[in-house]
Amino acid sequence: MIKKILYTLLLSLPTTLLANEPKEWQLGFQKSASKSMTDIVWFHDYMLLPIITGITAFVLFLLLYVCVRYRASRNKIASTTSHNTMIEVIWTLVPCLILIVMAVPSFKVLYSQDKIPKADVTIKAVGYQWYWGYEYPDENIIFDSYMIDEKDLKENQPRLLAVDNAVYVPVNKVIKVMITANDVLHAWALPSFGVKRDAIPGRINETWFKADRTGTFYGQCSELCGIKHAFMPITVHVVSEDEYNNWLKEAKVKFANVETDKKFKIAKKFEEIK
Ligand SMILES: [Cu+2]
């Protein structure tokens, strides 16, 4: 009975509450969908936050104590102390120790993101002013992904986040993402996967993620790249293996002419410049 009520309640929630996107009045991170992001959230919640809270409270206490204890009315003659070797050694060593303690899990997370396991699917994301272009090099698929204008949004499509051609990836598979840009700096960022990498013209950055649940995930360009920087979102559908294979088949037909289109555009531009 209780289970049934809970389930009904869950279903009646607005879909935005279940989606993987920023929410109004949100505090904290978006819900994690990869081990990498789970590690980051752990590091933030159980390492950084307690330490920073402790330090802030301690410094506040010291300030208040000094304000009250050494106020002018109580200290008619001011102390002339200017050095104390012991306390100077302590306030140099303690922050060092805190940093060392923090560095251990920090580097662990950093290296686990940096070391790319054997990839099941490789995607290339190219930043353009102002949209993302995607390639599946092993599948010969190439397409562009534009934001959907506010007036054209369908139900369940979030404003400034939904795109016309989304990226599809299979669940529980290692996805390697090669990131570059065509014109200026962009950055490919997907909060739920704990992924954020700069897209740099003439250079390829690599990262990876392994989504541990299906769903639609939203991200945005995270490097100020010009006037429409806010209008080049990222949409990734994490689907089952079968759905992914079906999408591959459809995409090969749907985007069959994209590459020639693109080559034609580039050739035309070149002609114009000449
Ligand atoms: Cu950008």
Side-chain angles (χ1 to χ4, degrees), residues 16 19-24 26 29-30 32-34 36-37 40 110 113-114 116 119 121-137 141-154 157-169 175-209 211 215-238 251 255 258-259 261-266 268-270 272-273:
T16 45
N20 303 283
E21 60 189 64
K23 296 168 189 74
E24 281 178 33
Q26 177 181 334
F29 297 106
Q30 290 180 42
S32 142
S34 75
S36 186
M37 189 57 191
I40 293 173
L110 201 64
Q113 289 184 332
D114 209 39
I116 303 175
V121 175
T122 305
I123 297 173
K124 191 172 157 194
V126 187
Y128 296 93
Q129 277 179 318
W130 288 272
Y131 62 97
W132 288 99
Y134 294 101
E135 285 171 39
Y136 287 63
I141 293 174
I142 172 168
F143 61 90
D144 291 334
S145 177
Y146 286 89
M147 187 192 80
I148 299 175
D149 275 341
E150 208 173 334
K151 60 176 175 10
D152 303 324
L153 284 176
K154 294 195 193 81
Q157 283 186 327
R159 183 180 153 265
L160 299 181
L161 290 174
V163 297
D164 55 355
N165 296 319
V167 172
Y168 279 75
V169 295
I175 317 292
K176 181 164 124 179
V177 196
M178 302 194 297
I179 300 162
T180 186
N182 192 49
D183 33 46
V184 297
L185 295 181
H186 301 271
W188 203 79
L190 254 155
S192 288
F193 301 151
V195 165
K196 182 181 274 180
R197 276 283 187 286
D198 272 349
I200 302 165
R203 182 187 154 152
I204 290 192
N205 275 342
E206 286 183 333
T207 187
W208 70 284
F209 64 86
T216 304
F217 299 85
Y218 296 101
Q220 288 166 304
C221 174
S222 297
E223 178 70 65
L224 197 52
C225 60
I227 194 164
K228 285 165 107 184
H229 160 64
F231 309 116
M232 48 181 299
I234 299 152
T235 304
V236 175
H237 292 299
V238 178
F255 303 125
V258 171
E259 200 170 5
D261 262 14
K262 251 192 169 164
K263 276 183 190 153
F264 177 71
K265 265 189 227 161
I266 292 166
K268 217 177 135 195
K269 212 173 173 185
F270 190 64
E272 279 166 22
I273 295 165

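When a ligand or atom number is given, it counts from 1 through the structure's own listing order.
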Can you tell me, to 10 degrees, how wide the angle at the Cu ion (ligand 1) is between SG on Cys225 and SG on Cys221? 120°

So which atom in Val163 and which in Ile148 form the shortest heavy-atom distance, rounded to 0.1 Å? O-CD1, 3.4 Å

On a heavy-atom basis, the closest approach of Gly219 and Pro191 is CA-CD, 4.0 Å

Non-hydrogen atoms of Asp152 and Gln157 that approach each other most closely: O-OE1, 4.3 Å

In His186, the N/O/S atom nearest the Cu ion (ligand 1) carries the name ND1

Does Ser222 bring an N, O or S atom to within less than 2.8 Å of the Cu ion (ligand 1)? no

Can you classify the ring geometry of His237 versus Tyr168 as parallel (below 30°), tilted (30 to 60°) or perpendicular (above 60°)? tilted

